Chemist: 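My structure is below; once you've seen it, I'll send some questions.
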Amino acid sequence: MSKRLSEQEEQRRLHMEQLRQAGIDPYPPRCTRTHTCAEALQLLEGVDGEETTSEVVHVAGRMMSKRVMGKAAFGHIQDGSGRLQFYASVDNLGEEEYHRFRKLFDLGDIIGVAGPLFRTRTGEPTVRAQSITMLAKSLHPLPEKWHGLKDVELRYRQRYVDLIVNEDVRQVFITRTRIVSALREFLDARGFLEVETPILQPIYGGAAARPFITYHNELEQQLYLRISFELYLKRLIVGGFDKVYEIGRDFRNEGISFKHNPEFTQLEFYQAYADYNDVMRLTEEMIAYVAQKVLGTLKIVYGEHEIDLTPPWRRRELRQALIEETGIDIEAYPDAESLYQAIRAIGGNVEPKATRGKLIDSLISNYLEPKLIQPTFLIDYPVEISPLAKRKPGSDTLAERFEGFIGGMEICNAFTELNDPDDQEQRFLEQGRAYDAGDEEAHRMDEDFLTALSYGMPPTGGFGMGIDRLTMLLTNRDSIREVILFPHLRPRPAP
RNA sequence: GAGCCGUUAGCUCAGCCGGCAGAGCACCUGCCUUUUAAGCAGGGUGUCGCGCGUUCGAAUCGCGCACGGCUCACCA
């Protein structure tokens, strides 16, 4: 511990030492707490004037302010329920305890305050402290009380400090938890069974992404962190669970951006005897339910937009939407080369060696996605970029797939699941050829999954949604890092 | 991966056509028994991200590096 301490850190360590010399443990094992700050405030509800309640409350929390006026002082403590003012004075505490508080208790310390409640002459509910105890000494000064902590890097690296001083950040993460709860409520109420499937998988699949690779020593086996839950949840549909869902973490070894984190939280659900039309209806109902439950409204503000989540949402055929927005009819360009030329002709900047599927995807993300502010389902995607979706009846080229967009972001992806094992095998083989041709994100062959399908999977509708992005929408945040408690950053450089 | 911007006190930020390191909050000393961004008087506590260079002299100019942010690429 040769780390240089700042003046303020030295000061706090000195205060801690002085407490010890006075026989006070700066980190006592137990404390007395009878009320949270919010519960204490409730006690004064309906009590008029400066009347003092006779009941003594023991509250505890982090000291966030301290205003000393000679022989008396005010301060606030903050716990998980809120803030509460306390009043300390020589009269109530006695000389020794008052001066100990005044000199040795610093902003940020976790303290306990006990005493009756009263209102100050400005009406603020306040604990008249009969005792103030140290519960945990804080050895670092808190960020500035008025501007809070703004440095984005510090906010992410030391999220706990961010949470202490930035109330709006706290609220975002409380909202996030409520969103997840509301999703569970919605699905549980409809008979969905929540399950847990492997995170370590021998073959990754269910999405197009590069995986994280790891290794099990005992099994002498290479394993992948899952990029989706899809293939395992479908095995459960084969097994006879007609409605299943999972909420958990996916891992994709890809770039980081305002809407991408290497690990992110996904909801997937699968419903037997349903198709993508059923799933669309369920989706808009589910999002509306969550917004109503968490925000109390279906009209949300996202950046400069007001978004109305009221069902039904607009359905647009992907092909038609692309014609409207780019003039390009993808059906007229059956191969990568001709589509590439068409995109170049409208001034698009695309990779020359991209596959046709990737070209279509870049059209979607460059020309459609940013414009899809109000909730919209883009429906009927090309089969070649939908290797797990069932073909649309009467079409060789389209699959029964939709993606939901809100606020210019892709929120979810769903389809009528492909349950024909032979067709699925052919799709895997095509994907395998793409992989061999250099597409690292092409889907891998999964024999075990094919075996499962060959036992017979009922017609099924499936759905996947990024919960982080949904949280961004419902909390009006413009970066995924603002809704992930501990986003990934490069290691802090050595000092 | 590329371009642009940023990194100065514990925090929020000035200073940047080279010339003594600054403010507010926080902190320290003193005063103050109903304050709440308490107040009054005094005190600057610093590896100006790191390294190299230019210069009589670098927080300031140049180059390199690190970390972060934004945009783009990538992410069906």
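Every chain is numbered from 1 and lettered A, B, ... according to where its sequence line falls, protein lines coming before strand lines. Excluded from the calculations below are hydrogen atoms, water molecules and symmetry mates; all remaining heavy atoms, backbone and side chain alike, are included. No experiment lies behind these values; they were computed from the predicted model shown.
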Chemist: Hey, does the side-chain of A:Glu124 have a donor or acceptor N/O within less than 3.5 Å of a partner on the base of B:rU35?
Modeler: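 A donor-acceptor contact between them is absent.
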Chemist: Measuring to OP1 and OP2 of B:rG39, would you say a side-chain N or O of A:Arg67 lies under 4.0 angstrom away?
Modeler: no
Chemist: With both distances under 3.5 angstrom, what nucleotide forms a Watson-Crick or G-U wobble pair with B:rC40?
Modeler: B:rG30
Chemist: From the options B:rG69, B:rU33, B:rC74, select the nucleotide whose nearest atom is closest to the side chain of A:Glu254.
Modeler: B:rC74
Chemist: Just to be sure I understand the rule, does A:Ile364 reach a base, reach only the sugar-phosphate, or reach nothing, if contact means heavy atoms closer than 4.0 Å?
Modeler: nothing
Chemist: Is A:Lys358 salt-bridged to A:Glu441, cutoff N-O under 4.0 Å?
Modeler: yes
Chemist: Could you check which nucleotide pairs with B:rG1 in any of the strands shown, counting Watson-Crick or G-U wobble with both distances under 3.5 Å?
Modeler: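 By the stated definition (distances under 3.5 Å), B:rC72 pairs with B:rG1.
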Chemist: When you get a sec, tell me which of B:rC67, B:rC32, B:rU34 is the closest nucleotide to the side chain of A:Arg102?
Modeler: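 Ranking B:rC67, B:rC32, B:rU34 by closest atom to the A:Arg102 side chain puts B:rC32 first.
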Chemist: Flag the pair A:Glu9 and A:Arg13 as a salt bridge only when some basic side-chain nitrogen lies within less than 4.0 angstrom of an acidic carboxylate oxygen.
Modeler: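 Answer for the salt bridge query: no.
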Chemist: Within the 4.0 Å heavy-atom criterion, would you say A:His15 contacts the bases, only the backbone, or no part of the nucleic acid?
Modeler: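 If one applies the 4.0 Å heavy-atom cut-off, A:His15 turns out to touch the sugar-phosphate alone, with no base involved.
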Chemist: I want to verify a distance call: between B:rU34, B:rU12, B:rG68, whose nearest atom is closest to the A:Phe118 side chain?
Modeler: B:rU34
Chemist: Does A:Asp420, at its CG atom, have more than 12 non-hydrogen atoms belonging to other residues, nucleotides or ligands within less than 6.0 Å?
Modeler: yes
Chemist: Is there a donor and acceptor pair closer than 3.5 Å between the side chain of A:Gln8 and the base of B:rA26?
Modeler: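 Indeed, a donor on one side and an acceptor on the other fall under 3.5 Å apart.
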Chemist: Any base atoms under 4.0 Å from A:Ala207, or only sugar-phosphate, or nothing? Heavy atoms, all strands.
Modeler: base
Chemist: Counting only distance, no hydrogens or angles, is the base of B:rU35 paired donor-acceptor with the side chain of A:Tyr87 under 3.5 Å?
Modeler: no
Chemist: Tell me whether the OP1 or OP2 atom of B:rA66 has a side-chain N or O from A:Arg490 closer than 4.0 Å.
Modeler: no
Chemist: Mapping A:Glu369 and A:Lys150 to their closest nucleotides on RNA chain B, which lands nearer the 5' end?
Modeler: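 With A:Glu369 and A:Lys150 compared, the 5'-side residue is A:Lys150.
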Chemist: Look at all strands and tell whether A:Val68 reaches a base, only sugar-phosphate, or nothing, counting heavy atoms closer than 4.0 Å.
Modeler: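 Base contact - A:Val68 has a heavy atom under 4.0 Å of at least one base atom.
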Chemist: Nearest to the A:Arg481 side chain among B:rU33, B:rG69, B:rC11, which nucleotide is it?
Modeler: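 Side chain of A:Arg481 sits closest to B:rG69.
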Chemist: Separation of A:His488 atom NE2 from B:rC67 atom P, in whole Å?
Modeler: 16 Å
Chemist: Report the distance from atom CD of A:Glu144 to atom P of B:rG24, rounded to the nearest whole Å.
Modeler: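 Taking CD of A:Glu144 and P of B:rG24, I get 12 Å after rounding.
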Chemist: If the cut-off is 4.0 Å, is A:Arg157 near the phosphate of B:rC67, judged by side-chain N/O to OP1 or OP2?
Modeler: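 Looking at the OP1 and OP2 atoms of B:rC67, neither is under 4.0 Å from any side-chain N or O of A:Arg157.
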Chemist: Select base, sugar-phosphate, or nothing to describe what A:Ile360 touches, counting heavy atoms under 4.0 Å on all strands.
Modeler: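 It contacts nothing in the nucleic acid.
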Chemist: Heavy atoms from C-beta onward define the side chain here; which of B:rG10, B:rG68, B:rC32 lies closest to that of A:Met69?
Modeler: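 The nucleotide sitting nearest to the side chain is B:rC32.
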Chemist: Is the closest basic N to carboxylate O distance between A:Glu324 and A:Lys371 below 4.0 Å?
Modeler: no
Chemist: Just how far, in rounded Å, is P of B:rU8 from CD of A:Glu153?
Modeler: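 In whole Å, B:rU8 P and A:Glu153 CD are 10 Å from each other.
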Chemist: Taking atom C1' in both B:rU45 and B:rC61, what distance in whole Å separates the two?
Modeler: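 Their C1' atoms lie roughly 30 Å apart.
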Chemist: Just to confirm, is there a sub-4.0 Å distance from OP1 or OP2 of B:rC28 to any side-chain nitrogen or oxygen of A:Arg12?
Modeler: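 So the side-chain polar atoms of A:Arg12 never come under 4.0 Å of the phosphate oxygens OP1 or OP2 of B:rC28.
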Chemist: Is any side-chain N or O of A:Lys103 closer than 4.0 Å to OP1 or OP2 of B:rC27?
Modeler: no
Chemist: B:rU12, B:rC27, B:rU35: which one has an atom nearest the side-chain heavy atoms of A:His147?
Modeler: B:rU12
Chemist: Using 4.0 Å as the upper bound for N to carboxylate O, is an ion pair formed by A:Lys66 and A:Asp106?
Modeler: no
Chemist: Tell me which pairs pass side-chain hydrogen bond (donor to acceptor under 3.5 Å, both in side chains) where either residue lies in residues 399-408 of chain A, with sequence neighbours left out.
Modeler: A:Tyr381-A:Glu403, A:Ser386-A:Arg401, A:Glu400-A:Thr416, A:Arg401-A:Glu403, A:Arg401-A:Asn413
Chemist: Rounding to the closest angstrom, what is the interatomic distance between B:rA23 and B:rA41 at atom P?
Modeler: 15 Å
Chemist: Measure CG/A:Leu359 against C1'/B:rC74 and give the value in whole Å, please.
Modeler: 14 Å
Chemist: Whole Å only: how far is the OH atom of A:Tyr160 from the P atom of B:rC11?
Modeler: 12 Å
Chemist: Could you please name the option among B:rC70, B:rC67, B:rU33 that lies closest to any side-chain atom of A:Ser479?
Modeler: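 It is B:rC70.
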Chemist: Counting any heavy atom closer than 4.0 Å, what does A:Gly75 reach on the DNA or RNA strands: base, sugar-phosphate only, or nothing?
Modeler: nothing
Chemist: I'd like to know if A:Asp162 and A:Arg159 make a salt bridge, using a cut-off of under 4.0 Å between side-chain N and carboxylate O.
Modeler: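 A salt bridge links A:Asp162 with A:Arg159.
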Chemist: Check the distance between B:rA26's C1' and A:Arg62's CZ and give it to me in whole angstrom.
Modeler: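 Atom CZ in A:Arg62 sits about 16 Å away from atom C1' in B:rA26.
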Chemist: Counting heavy atoms from C-beta on, name the nucleotide in B:rU45, B:rC11, B:rC28 closest to the side chain of A:Asp106.
Modeler: B:rC28
Chemist: Among B:rG68, B:rU33, B:rC28, which nucleotide has an atom closest to any side-chain atom of A:Lys71?
Modeler: B:rU33
Chemist: If I pick the P atom on B:rC27 and the same atom on B:rA37, what distance separates them, to the nearest angstrom?
Modeler: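 Straight-line distance between the two P atoms is 16 Å.
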Chemist: With C1' as the reference atom in both, quote the distance from B:rU34 to B:rG24 in angstrom, rounded to an integer.
Modeler: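 The same atom, C1', in both gives a distance of 26 Å.
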Chemist: Regarding A:Arg319 and A:Asp329, does a basic nitrogen lie under 4.0 Å from an acidic carboxylate oxygen?
Modeler: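 Answer for the salt bridge query: yes.
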Chemist: Taking only the side-chain nitrogens and oxygens of A:His76, find out if one of them lies under 4.0 Å from OP1 or OP2 of B:rA37.
Modeler: no
Chemist: What is the base-pairing partner of B:rU35, counting Watson-Crick and G-U wobble geometry with both distances under 3.5 Å?
Modeler: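 Partner of B:rU35: none.
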Chemist: Hunt down the Watson-Crick or G-U wobble partner of B:rU7, both distances under 3.5 Å, from any strand shown, or write none.
Modeler: B:rA66
Chemist: Go ahead and name the base partner of B:rA59; Watson-Crick or wobble counts if both distances stay under 3.5 Å, otherwise write none.
Modeler: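 For B:rA59, the partner nucleotide comes out as none, under the 3.5 Å rule.
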Chemist: Find the partner of B:rU54: check Watson-Crick (N1-N3 plus N6-O4 or O6-N4) and G-U wobble (N1-O2, O6-N3) distances, both under 3.5 Å, and reply none if neither fits.
Modeler: none
Chemist: Starting from the 5' end of RNA chain B, give me the residue, A:Glu403 or A:Asn366, whose nearest nucleotide shows up first.
Modeler: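 Checking each residue's closest nucleotide, the 5'-ward one belongs to A:Asn366.
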Chemist: Touch check for A:Asp151, heavy atoms < 4.0 angstrom, all strands: base, sugar-phosphate only, or nothing?
Modeler: sugar-phosphate
Chemist: Taking the P atom of each, how far is B:rG53 from B:rA59, in whole Å?
Modeler: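 That atom pair is separated by 15 Å.
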Chemist: Can you name the side-chain hydrogen bond (donor to acceptor under 3.5 Å, both in side chains) partners of A:Glu97, sequence neighbours left out?
Modeler: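 Expected list: none.
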Chemist: Looking at the side chain of A:Thr120, which of B:rC11, B:rC13, B:rU35 is the nearest nucleotide?
Modeler: B:rU35
Chemist: If you measure from the Lys or Arg side-chain nitrogens to the Asp or Glu carboxylate oxygens, is any gap between A:Glu95 and A:Arg102 under 4.0 Å?
Modeler: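 Looking at A:Arg102 together with A:Glu95, the answer is no, because their closest N to O distance does not fall below 4.0 Å.
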Chemist: Does any nucleotide pair with B:rC16 by Watson-Crick or G-U wobble geometry, both distances under 3.5 Å, and what is it?
Modeler: none
Chemist: If the P atom of B:rU55 is compared with that of B:rA2, how far apart are they to the nearest Å?
Modeler: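 Per the computed distance, 32 Å lies between those P atoms.
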Chemist: When the P atoms of B:rG18 and B:rC31 are compared, how many Å lie between them, rounded to an integer?
Modeler: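 B:rC31 and B:rG18 have their P atoms separated by 49 Å.
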Chemist: Taking atom C1' in both B:rU7 and B:rC16, what distance in whole Å separates the two?
Modeler: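 So the two C1' atoms sit 14 Å from each other.
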Chemist: Between A:Trp146 (CH2) and B:rA23 (C1'), how many Å, whole number?
Modeler: 18 Å
